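Scope of the values below: all heavy atoms of this structure, side chains included, with no hydrogens, waters or symmetry mates. Each ligand, and each atom within it, is numbered from 1 in the order the structure gives. Note that the structure is a prediction, hence the values are computed from the model and not measured.
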Amino acid sequence: MDGLSRADETPPAGRFLRACRRQPVDRTPVWFMRQAGRYMPEYRAVREKHSLLEICRQPELAAEVTLQPVRALGVDAAILFADILLPLIPMGIDLEFAPGEGPVIHSPVRSANDIERLRPVQVEQDLAHVLRAVRLVRGELPAPVALIGFAGAPFTLASYMVEGGASRDFRRTKQLMYTDVPAWHALMDKLATVLADYLVAQVRAGAQAVQLFDSWVGALSPDDYQAYAQPYSVRVLEAVSREGGPVIHFGTGTATLLELMRDAGGDVIGIDWRIPLDRAWERLGHGVAVQGNLDPAALLAPRPELERRVERILDQAGGRPGHIFNLGHGILPETPVEAARAVVERVHARQLQAEKA
Ligand code: CP3
């Protein structure tokens, strides 16, 4: 693939994986959640010809789109192009990505009966296209650039299944959780089984790290998180941790949940922008790595303001091993590619250690 091996952009071996393990690095590794997406002209060109699900189902296309931001931005990690909702399809969920609307689930799960009917998933067969994309990407990535696999966390996926799509307040999800506790636990149990198998299979196919996206878990109080979500995240995180690769545990709006998320598991805890990185890391303790925490909207700011915000996060990380620079949530479609590139350059410009072999 053209452009992947430009010497000036190829980071030294394993910067991202070293940081996940809290080992010293020469420069802070950086990647962006949703780094392959509509803000990139190369992605839009593929999307003109193919739907999102088509890209996900054709490993060659998924691999190509995964590599686009690696070439364009010089990031230290690639995240597999897929969607957190893909494993719901073989469970029997009828879903669609409606233009301008986000995901729409035509068969929402609202009762014990609906949950009963969900099908078990044979990951190696039912999600073979994802695993094939993992193998293709790993074969094409330059060695120092890590490949990250991912899955949605049980709570976040349950919320899509129950709400039927995006939600502001998750009222139907909580209604089920508070009204039919056994049904809720049955749903989370089924999801945890599928997601653990799915992440383990991604690691076995060549993903060197995985991220568990609990994007909407910040909607829960600490008590509800502990009772209704955490045990299932624990199961998924334990299963994939046994495979060895580092695990990133991510959520948004989690300032009141950080310690509980750390206790659930993960080598790296994702931090959104609503809490300063240094305060979050202090609360978590420095025995865990952190990822974050630039506000995605900062990439829409004038360059000096953007750079000031990048520098502030690097200052707060203080050169301590175990910081991965990222946004606090996914990159916005309005983001100028130049701004994303400027962030990568700025992060890489700061030398952390005398460079050693
Ligand atoms: O580059 C990458 O990050 C890899 C690809 C990726 C996608 N979805 C592709 C995608 C990843 C990691 C995801 C994860 C995902 N999907 C999450 C967790 C991350 C987060 O943002 O919290 C969630 C909640 C979803 C569900 C989902 N998929 C939503 C809410 C939407 C619509 C939002 C929008 O921006 O329109 C999607 C669609 C989607 N998945 C897009 C992409 C690039 C954009 C739509 C498109 O290209 O048509």
Side-chain angles (χ1 to χ4, degrees), residues 30-57 61-73 75 77-89 93 95-105 130 133-134 137 145-161 163-168 170 173 195 198-199 202 207 209-219 248-254 270-273 291-292 295-297 326-335 337 340:
V30 51
W31 68 281
F32 301 111
M33 284 181 276
R34 296 284 189 95
Q35 64 191 13
R38 283 166 299 188
Y39 77 105
M40 291 188 77
E42 303 92 308
Y43 177 80
R44 288 198 302 270
V46 176
R47 280 286 278 114
E48 266 171 33
K49 292 189 227 119
H50 304 280
S51 71
L52 181 67
L53 280 176
E54 274 168 16
I55 301 174
C56 293
R57 282 181 175 143
L61 282 178
E64 166 61 20
V65 169
T66 301
L67 294 168
Q68 287 176 347
V70 177
R71 292 187 205 117
L73 307 177
V75 285
I79 182 157
L80 180 72
F81 193 84
D83 195 88
I84 59 166
L85 302 179
L86 290 186
L88 304 187
I89 298 171
I93 297 288
L95 66 87
E96 176 191 8
F97 291 93
E101 247 190 277
V104 180
I105 282 155
V130 177
V134 170
V137 176
V145 179
L147 174 58
I148 305 172
F150 69 91
F155 172 78
T156 290
L157 288 182
S159 81
Y160 279 104
M161 293 167 97
E163 302 291 337
S167 173
R168 212 171 258 282
F170 302 92
T173 309
L195 298 168
Y198 184 46
L199 284 178
Q202 290 181 49
V210 296
Q211 177 156 324
L212 190 69
F213 282 97
D214 213 349
S215 303
W216 310 133
V217 74
I248 307 165
H249 188 183
F250 167 80
T252 71
T254 54
I271 296 166
D272 78 4
W273 63 92
Q291 174 175 282
D295 186 338
N326 203 318
L327 308 178
H329 203 173
I331 202 163
L332 299 168
E334 301 82 358
T335 302
V337 175

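Residues passing the salt bridge (charged side-chain N to carboxylate O under 4.0 Å, His left out) test with D83: none are found, sequence neighbours excluded.
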For residues 32-41, dump all side-chain donor-acceptor pairs below 3.5 Å to protein atoms at least two apart in sequence or in another chain.
from	atom 1	to	atom 2	distance (Å)
Q35	OE1	F32	N	3.0
Q35	NE2	A77	O	2.9
Y39	OH	Q35	O	2.7

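In terms of protein heavy-atom proximity, atom 19 (C) of ligand 1 is nearest to F213 CD2, 3.4 Å. Given atom 47 (O) of ligand 1, the protein heavy atom at minimum distance is Y43 OH, 2.5 Å. When hydrogens are left out, the protein atom nearest atom 18 (C) of ligand 1 is S215 OG, 3.3 Å; that is the closest non-hydrogen contact. Remark: minimum distance from atom 14 (C) of ligand 1 to any protein heavy atom is reached at I84 CG2, 3.7 Å. Ranking protein heavy atoms by distance to atom 11 (C) of ligand 1, first place goes to F150 CZ, 3.6 Å. Nearest protein heavy-atom neighbour of atom 34 (C) of ligand 1: R38 NH2, 3.0 Å. Counting protein heavy atoms only, atom 48 (O) of ligand 1 is closest to R47 NH2, 2.6 Å. For atom 24 (C) of ligand 1, the closest non-hydrogen atom on the protein side is Y160 OH, 3.2 Å.
Less than 4.0 angstrom separates some heavy atom of G102 from each of these atoms of ligand 1: 32 (C). Close contacts between ligand 1 and H329 involve ligand atoms 20 (C), 21 (O), 22 (O) [criterion: under 4.0 Å to a heavy atom]. Set against the non-hydrogen atoms of F97, the atoms of ligand 1 under 4.0 Å away are 28 (N), 37 (C), 38 (C).
Residue-level proximity to ligand 1 for T252 is absent, since no heavy atom of it falls below 4.0 angstrom.
In this structure, F32 falls outside the shell of residues with a heavy atom less than 4.0 angstrom from ligand 1. Residue contacts with ligand 1: L80 is included, with a non-hydrogen atom under 4.0 Å away. At least one heavy atom of P103 sits under 4.0 Å from some atom of ligand 1. G330 does not count as a contact of ligand 1, since none of its heavy atoms falls under 4.0 Å from the ligand.
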### Task
Mind running side-chain contact (heavy atoms from CB on, under 4.5 Å) on F150 and L212 for me, showing each step along the way?
CA-CA 6 Å; F150 69 91; L212 190 69; over 6 Å; no
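Nearest to atom 9 (C) of ligand 1 by heavy atom, out of G37, A78, A82, is A82. Which of R34, Q68, M33 comes nearest to atom 27 (C) of ligand 1 through a heavy atom is settled by distance: it is R34. The option with the heavy atom closest to atom 40 (N) of ligand 1, from among I331, D83, L86, I148, is D83. For atom 2 (C) of ligand 1, the nearest non-hydrogen atom from the set I55, L53, I79 comes from I79.
The backbone N or O of G251 lies less than 3.5 Å from no partner atom in the side chain of D214, so there is not a single donor-acceptor pair. Between the side chain of T254 and the main chain of G218, no donor-acceptor pair closer than 3.5 Å is present. In this structure, the side chain of Q68 engages the main chain of E42 through a donor-acceptor pair within 3.5 Å.
In this structure, the side chains of L61 and F81 stay at 4.5 Å or more apart for every pair of heavy atoms. Contact of the V130 side chain with the Y198 side chain is registered, since non-hydrogen atoms from C-beta on lie closer than 4.5 Å. L95 is not listed as a side-chain neighbour of P103, based on a closest heavy-atom distance of 4.5 Å or more.
Ring planes of F155 and F170: tilted class, angle from 30 to 60°.
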